[in-house]
Chemist: 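Handing you a structure now.
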Amino acid sequence: MDKEEEIKEYGLIEDNGIQIISIIGEIEGHDCLSQNAKTTKYEHLLPLLAKTEQSQETKGILFLMNTVGGDVSCGLALAEMIASLSKPTVSLIIGDSHSIGVPLAVATDYSFIVPSATMIIHPVRMNGQILGTPQTYSQFQQIQDRILDFIASHSQADKKVLEDLMMNTSMLSKDLGTVLVGKEAVVQGLIKEVGGISRALAKLYTMM
């Protein structure tokens with residue numbers, strides 16, 4: 001399968017000037033994941049977004065979100081790319097938008113979440129061997145601050161509240177963090193509105 005064919009797997013559709021892009025599964029970054037894993041590959045999505053920005057046919061972009069998160073730096077790079085697009089953008093969380101999926105969801109101009117969808121906010125995690133030094137913990141804090149600053153600047157959520165949600169010890173049995181379901185994400189200021197595909201498309205049409 002060549003690169004062009006793989007890009008099409010994201011569900012690229014153009015109709016009446018609207019381009020639909022799916023962000024699904026795990027955000028694959030610098031390391032390749034298992035062939036059996038559903039992934040969104042950032043090295044494919046970045047050029048697709050650049051192409052979309054230059055397209056004369058595309059008048060607006062709808063992002064369909066159902067992601068468990070993944071590579072932090074690559075997910076944040078995608079979020080920055082989405083936020084810098086000049087075309088009107090809307091995101092719709094139809095399943096989950098966990099971890100680095102949170103900045104991806106709020107990076108658009110307007111955002112929706114269906115009632116049963118979830119968002120999980122949790123601290124930065126790292127796999128593999130790490131050094132237990134002050135410099136390591138400082139680096140973790142720096143990464144978390146980058147994520148929190150992005151979310152706060154692209155949503156109505158307060159950074160201190162986000163940090164409290166991230167460090168919550170009472171909800172997840174094996175981790176710190178908070179699960180927000182549907183309208184709870186709206187109440188916290190992360191997402192603009194509860195709604196499905198018809199409302200998301202209607203909003204994008206008005207923005208176009």
Chemist: Under 4.5 Å between side-chain heavy atoms, hopping through other hydrophobics if needed: is there a path connecting Phe63 to Val194?
Modeler: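 Result: yes, single cluster for both.
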Chemist: The test is side-chain contact (heavy atoms from CB on, under 4.5 Å); show your working for Ile197 and Leu62 and say whether it passes.
Modeler: CA-CA 10 Å; Ile197 186 67; Leu62 174 64; 3.6 Å; yes
Chemist: Could you point out which residue of Leu180, Ile93, Ile113, Val179 forms a side-chain contact (heavy atoms from CB on, under 4.5 Å) with Thr118?
Modeler: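 Result: among Leu180, Ile93, Ile113, Val179, Val179 is the only option passing the side-chain contact (heavy atoms from CB on, under 4.5 Å) with Thr118.
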Chemist: Can you tell me how far apart CD (Glu80) and CG (Leu104) are? Round to the nearest 0.5 Å.
Modeler: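 So the CD of Glu80 and the CG of Leu104 are separated by 10.5 Å.
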Chemist: What are the two closest heavy atoms between His154 and Ala83, and how far apart are they?
Modeler: NE2-CB, 3.6 Å
Chemist: Please answer: with hydrophobic residues joined when any side-chain heavy atoms are less than 4.5 Å apart, are Val114 and Leu201 in the same cluster?
Modeler: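 Looking at the clustering, Leu201 is in the same group as Val114.
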Chemist: Does Gly60 offer a backbone N or O that forms a donor-acceptor pair with the side chain of Thr58 under 3.5 Å?
Modeler: no
Chemist: Hey, what do you get for CD1 (Ile18) to CG (Leu204), rounding to the nearest 0.5 Å?
Modeler: 4.5 Å
Chemist: What closest approach, in Å, do Leu76 and Ile100 show between heavy atoms, and which atom pair accounts for it?
Modeler: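 Looks like N-CG1, 3.9 Å.
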Chemist: Kindly assign one of parallel, tilted or perpendicular to the pair Phe112 and Tyr110, based on the angle between their ring planes and the thresholds 30° and 60°.
Modeler: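 Correct class here is tilted.
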Chemist: With a sphere of 6.0 Å drawn around CD of Gln156, does it hold more than 12 non-hydrogen atoms of other residues, nucleotides or ligands?
Modeler: no
Chemist: To the nearest 0.5 angstrom, please state how far the CD1 atom of Ile121 sits from the CD atom of Gln188.
Modeler: 7.5 Å
Chemist: Of all the heavy-atom pairs spanning Glu53 and Ser86, show the shortest one and how long it is.
Modeler: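 Nearest heavy atoms, Glu53 then Ser86: OE2-OG, 2.6 Å.
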Chemist: Any idea which heavy atoms bring Asp96 and Asn66 closest together, and the distance?
Modeler: N-OD1, 2.9 Å
Chemist: When you measure from the side chain of Ser22 to the backbone of Ile24, do you find a donor-acceptor pair of N or O atoms at a distance under 3.5 Å?
Modeler: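 Not at all, since once roles are kept as given, no pair shorter than 3.5 Å links the two residues.
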Chemist: So, Ser91 side chain and Ala105 main chain: donor-acceptor pair closer than 3.5 Å or not?
Modeler: yes
Chemist: Nearest 0.5 Å, what's the CE-OG1 distance between Met207 and Thr89?
Modeler: 5.5 Å
Chemist: Under 4.5 Å between side-chain heavy atoms, counting indirect links through other Ile/Leu/Val/Met/Phe/Trp/Tyr residues: same cluster for Leu85 and Met65 or not?
Modeler: yes
Chemist: Taking only residues at least two apart or on different chains, which pairs with a member in residues 180-189 satisfy salt bridge (charged side-chain N to carboxylate O under 4.0 Å, His left out)?
Modeler: none
Chemist: Look only at the side chain of Lys192 and the backbone of Gly189, and say whether a donor-acceptor pair between them is shorter than 3.5 Å.
Modeler: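 Pair absent, no side-chain N/O of Lys192 close to backbone of Gly189.
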Chemist: Provide the closest heavy-atom pair for Ala107 versus Phe150 in the form atom of the first, atom of the second, distance.
Modeler: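 The answer is CB-CZ, 3.8 Å.
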Chemist: Any side-chain to backbone donor/acceptor pair from Thr178 onto Met166? Under 3.5 Å, distance only.
Modeler: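 No; zero donor-acceptor contacts below 3.5 Å.
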Chemist: Quick one: does Lys87's side chain have a donor or acceptor within less than 3.5 Å of a partner on Gln19's backbone?
Modeler: no
Chemist: Under a single-linkage definition using a 4.5 Å side-chain heavy-atom cutoff for Ile, Leu, Val, Met, Phe, Trp and Tyr, are Leu48 and Leu78 assigned to the same hydrophobic cluster?
Modeler: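 Per the 4.5 Å side-chain linkage, Leu48 and Leu78 are co-clustered.
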Chemist: Would a 4.5 Å heavy-atom cut-off, applied to side chains only, mark Asp71 and Tyr42 as touching?
Modeler: no
Chemist: Roughly how far, to the nearest 0.5 Å, is the CG atom of Leu165 from the CD1 atom of Ile151?
Modeler: 10.0 Å
Chemist: Check for a donor-acceptor pair, side chain of Ser55 on one end and backbone N or O of Lys51 on the other, with a separation under 3.5 Å.
Modeler: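 The answer is no, because no donor-acceptor pair under 3.5 Å joins these two groups.
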Chemist: Measure across Pro103 and Ile147 and return the closest heavy-atom pair with its distance rounded to 0.1 Å.
Modeler: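 Here Pro103 and Ile147 meet closest at CG-CG2, 4.3 Å.
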Chemist: If you group Ile, Leu, Val, Met, Phe, Trp and Tyr by side-chain heavy-atom gaps below 4.5 Å, do Met167 and Leu190 land in one group?
Modeler: yes
Chemist: Once you round to the nearest 0.5 Å, how far does CG of Leu49 lie from CD1 of Ile82?
Modeler: 5.5 Å
Chemist: Do the side chains of Ile191 and Met119 get nearer than 4.5 Å, heavy atoms only?
Modeler: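 Yes, their side chains come closer than 4.5 Å.
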Chemist: Check whether Thr40 reaches the backbone of Ile27 with its side chain - one donor and one acceptor, N or O, closer than 3.5 Å.
Modeler: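 Pair absent, no side-chain N/O of Thr40 close to backbone of Ile27.
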